[in-house]
Amino acid sequence: MNQAYITAILCVIALIISFFIWIVYEDHKRKKTIRKKIKRIYGNVPDREYETGDIEKISRYFRRKAGDGFVIDDITWNDLDMDRVYMLVNQTMSSPGEDVLYEMMRTPLLSQEKLEERDALVEFFATHEEEREKMQLMLSSIGKTRLGSLADTVLALEKAPLVSKKIHVIMLAAMLVSLTFLAVISPLYAIMVFFILSISNVINYYASKDYKLIELYLDCFVHLLSMLSSADEMQAVKWPQVKKQMDAIQESRSAFGAFRKKAILLTSNNKGTGDILQAILDYVRMVFHVDILAYNSVLKDVQGKTDKIMQLIDNIGELDAAISIASFREMMILKCKPEFTSYDGGEIQLEAEDLYHPLISEAVANSISAKGGTLVTGSNASGKSTFLKNIAINSILAQTLNTCTCSFYRAPLLKVMTSMALRDDLSGGESYFIVEIKSLKRILDESRKEEPLLCIIDEVLRGTNTIERIAASSRILKELSRNWVLPFAATHDIELSYILDGVYENYHFEEEVTDGQVNFNYLLHKGRATTRNAIKLLDVLGYDKEVVEAARNAAAEFERTGVWKTVKGEMKSC
């Protein structure tokens, strides 16, 4: 062997070694960047920016999983602005994580044993920084799908159609036969013919409907491969605290051995990373159509394994969600783990100290011990609705994240339902009042099941006239006064505080009008509201003195007699 050949071989070997050194270096650099991000984001407010429709896509996993058990329904979820609460908690690294976290927050656990099991996982990651960061690094390799719910993305393969391979087989056979035949006659002609056929194949590749079909499902294969690659890394994890999840992940992983051997012909979980090997394989696919030829076989290896895919998502997602919950706890300045009492058939009691709303910066904390019905009065913007939402939000967080934003929380395990931020249903042609009474009826129906229920109602029947509103709302609230129901209601109708006296305990928020300004302290006070600042505000804002005085006298007369006097006067000309 002459010197030139030896030099050429050595150059090729050096090139290969350099290539692999470069791959290792790039991987090391990528992981170093991710580790820095992991340290930076833990315990801090998530910086993810959501686009319109993102949450709706993420919610599809929850809707797929929802069974016959109790879940936070859409009305309650929207009333409480729980999408924003979810965004505050969501510090996940992967699509399975954000899917499972959302499902957790929509499905309050009604078993203290299951809550304690979830809490043990959260506490493990909260107290083991090295293990937590190692797990986050593995989860980061899965990433987040641009299509929304990973469950929808991967499970779309279950109903994916097959492709026709006929033309692609013919083209591949023509290339191989011509190359073999012409190589015997003339190597030069063989190369020319092969080049022409290759160009034709590339054109046919991108023009064919089969490629377009495969491209449609490419993300589905990519994300399944990403989860399986992450599962490979997790084989080395031997922490006893995550054994349950690891066993389930490895069981699911083992079901896709045949799929993974063939899937490299379709795509790679490194697609789009700048991997040179992947780029070379892309050219092979374009010329020989190996991805189209392998597609049917690869697809059959995945179809029929929905349960294994869901098991993979469930358990990978649970690990990621647990870390996200640990991060949320670290972020909250004041928090506690809830205490749960068993329901013995008597009146439900909820106790909370220093309760504050997690979405409000510099929030005012309030404490309450509620047993039976609670009626909250006060003017607009005084804090009634925010306080009631806060009670419901914390009840949900208690039974999903085992975390409350207060210093103390104790209550039974509760179902939570609200009727608050309603609006006309224009698409369904229903007025506000119809929407409202339907919303209230679902709470009344649930209240008859003799299972602990927390219900929050803001401004009962605001969509109708005063007489019927007070008459009907007082009876609806009385109907909710059951041992197993903990009803809270906010109202402007001070009459309700008298009608329901002895059935509902009264609380109120108040404001001060000083120097032409309205000041709210957002502090909860026992008893019904006694201030009359609405008419005073007319005076402060410069209304005619006669109008203000007349309004004040009319209110005083009604309070004294219970009858509104007829307004008399002359029509003034312009």
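Values below: all heavy atoms of this structure, side chains included; hydrogens, waters and symmetry mates excluded.
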Quiz item: Side chains of Y343 and E451: closer than 4.5 Å at any heavy-atom pair?
Solution: no
Practice problem: May I ask you to say whether K337 pairs ionically with E123, meaning some side-chain N is under 4.0 Å from a carboxylate O? | Solution: yes
Quiz item: Quick one: do K389 and D79 make a salt bridge, cutoff under 4.0 Å?
Solution: no
Quiz item: Is the backbone of E495 close enough, under 3.5 Å, to the side chain of D493 for a donor and an acceptor to pair up by distance?
Solution: no
Quiz item: Quick one: are the ring centres of W77 and Y86 less than 6.0 Å apart?
Solution: no
Quiz prompt | Salt bridge present between E98 and R48 (N-O < 4.0 angstrom) | solution = yes
Quiz item: Is it true that the side chains of Y50 and N90 contain a donor and an acceptor less than 3.5 Å apart?
Solution: yes
Quiz item: Would you call R329 and D119 a salt bridge, using N to O less than 4.0 angstrom?
Solution: yes
Practice problem: Tell me, with the steps shown, if K526 and E505 meet salt bridge (charged side-chain N to carboxylate O under 4.0 Å, His left out). | Solution: CA-CA 8 Å; K526 263 201 165 185; E505 189 167 2; 3.0 Å; yes
Quiz prompt | Distance-only donor-acceptor check, side chains D320 and T92, under 3.5 Å | solution = no
Quiz item: Hey, is the main chain of M93 close enough, under 3.5 Å, to the side chain of Q136 for a donor-acceptor pair?
Solution: no
Quiz item: Between the main-chain N or O of H492 and the side-chain N or O of E459, is there a donor-acceptor pair closer than 3.5 Å?
Solution: yes
Practice problem: Check I75 against T418 and note the closest heavy-atom contact, atom names and distance. | Solution: CG2-O, 3.7 Å
Quiz item: Counting only N and O atoms by type, is there a donor-acceptor contact under 3.5 Å from the side chain of T107 to the main-chain atoms of M104?
Solution: no
Quiz item: Roughly how far apart are L461 CG and L440 CG, rounded to 0.5 Å?
Solution: 5.5 Å
Practice problem: Kindly indicate, with the supporting measurements, whether the criterion side chain to side chain contact (heavy atoms under 4.5 Å, CB included) is fulfilled by T403 and M332. | Solution: CA-CA 10 Å; T403 307; M332 291 292 102; 5.7 Å; no
Exercise. May I have the step-by-step check of side chain to side chain contact (heavy atoms under 4.5 Å, CB included) for Q235 and M246, ending in yes or no?
Key: CA-CA 8 Å; Q235 286 186 92; M246 289 300 112; over 6 Å; no
Quiz prompt | Side chain proximity check, W239 to K134, heavy atoms < 4.5 angstrom | solution = yes
Practice problem: Measure across G97 and A321 and return the closest heavy-atom pair with its distance rounded to 0.1 Å. | Solution: O-CB, 4.1 Å
Quiz item: Say you draw a straight line from CD1 of I142 to OG of S95; how long is it, rounded to the nearest 0.5 Å?
Solution: 8.5 Å
Exercise. Could you check I396 against M105 for side chain to side chain contact (heavy atoms under 4.5 Å, CB included), going step by step and ending with a plain yes or no?
Key: CA-CA 7 Å; I396 292 171; M105 293 181 69; 5.6 Å; no
Quiz item: Do K415 and K449 have side-chain heavy atoms sitting under 4.5 Å apart?
Solution: yes
Quiz item: Are I316 and I249 close enough that some pair of their side-chain heavy atoms sits under 4.5 Å apart?
Solution: yes
Quiz item: Does the side chain of N521 come within less than 4.5 Å of F509's, by heavy atoms?
Solution: no
Exercise. Could you check if a side-chain atom of I499 sits within less than 4.5 angstrom of a side-chain atom of L477, using non-hydrogen atoms only?
Key: no
Self-check item: For F488 against A370, the heavy-atom pair lying closest together
Solution: CZ-CB, 3.4 Å
Quiz item: When rounded to the nearest 0.5 angstrom, what distance separates CD1 in I391 from SG in C404?
Solution: 12.0 Å
Exercise. Heavy atoms only: give me the nearest M87-P46 pair and the separation to one decimal.
Key: O-CG, 3.5 Å
Quiz item: Are any side-chain N or O atoms of W484 and backbone N or O atoms of L453, one a donor and one an acceptor, separated by less than 3.5 Å?
Solution: no
Quiz prompt | Side-chain (H525) to main-chain (H508) donor-acceptor, under 3.5 angstrom | solution = no
Quiz item: Nearest heavy-atom pair of L496 and T491: which atoms, and what distance?
Solution: CD1-OG1, 3.6 Å
Quiz item: Looking at side-chain heavy atoms only, is the closest gap between M234 and V242 below 4.5 Å?
Solution: no
Practice problem: Show the numbers, then the answer: is there a salt bridge (charged side-chain N to carboxylate O under 4.0 Å, His left out) between K39 and E133? | Solution: CA-CA 8 Å; K39 288 183 179 292; E133 291 180 358; 3.1 Å; yes
Practice problem: Given side chain to side chain contact (heavy atoms under 4.5 Å, CB included), test K243 with D247 step by step and report yes or no. | Solution: CA-CA 6 Å; K243 185 178 186 303; D247 288 348; 2.7 Å; yes
Exercise. Calculate, to the nearest 0.5 Å, the distance between atoms OG and CG belonging to S59 and D83 respectively.
Key: 8.0 Å
Quiz item: Judged by atom type as modelled, is there a donor-acceptor pair below 3.5 Å linking the side chain of K114 to the main-chain atoms of L109?
Solution: no
Quiz prompt | NZ/NE/NH1/NH2 to OD/OE distance under 4.0 Å, D74 and R106 | solution = yes
Practice problem: Answer yes if the side chains of T405 and N394 hold a donor-acceptor pair under 3.5 Å, and no otherwise. | Solution: yes
Quiz item: Could you state the interatomic distance from CG (L228) to CG (L312), rounded to the nearest 0.5 Å?
Solution: 6.0 Å
Quiz item: For D458 and A490, which heavy atoms make the closest approach, and how far apart are they?
Solution: OD1-CB, 3.3 Å
Quiz item: Does the side chain of D314 pick up a donor-acceptor pair with the side chain of Y61 at under 3.5 Å?
Solution: yes
Quiz item: Are D54 and K144 close enough, and set up right, to give a salt bridge (charged side-chain N to carboxylate O under 4.0 Å, His left out), and what steps lead you there?
Solution: CA-CA 11 Å; D54 280 355; K144 296 186 178 180; over 6 Å; no
Quiz item: So, S369 versus Q349: side-chain donor-acceptor pair below 3.5 Å or not?
Solution: yes
Quiz prompt | Backbone N/O of A392 and side chain of S395: donor-acceptor pair under 3.5 Å | solution = no
Quiz item: Counting N and O atoms only, with roles assigned by atom type, does the side chain of N315 sit under 3.5 Å from a partner on the main chain of A248, one being a donor and the other an acceptor?
Solution: no
Self-check item: Separation between NZ of K65 and CD1 of I313, rounded to the nearest 0.5 Å
Solution: 9.5 Å
Quiz item: Would you say the side-chain atoms of Y356 pair up with the backbone N or O of L334, donor to acceptor, closer than 3.5 Å?
Solution: yes
Practice problem: Scan side-chain atoms only and decide if S379 and E511 contain a donor-acceptor pair under the 3.5 Å cut-off. | Solution: yes
Exercise. Could you tell me whether D99 and R64 have a side-chain N and a carboxylate O separated by less than 4.0 Å?
Key: no
Quiz prompt | More than 12 heavy atoms from other groups under 6.0 Å of CD on E233 | solution = yes
Practice problem: Flag the pair R118 / L121 as yes when at least one side-chain heavy-atom distance between them is below 4.5 Å, and no otherwise. | Solution: no
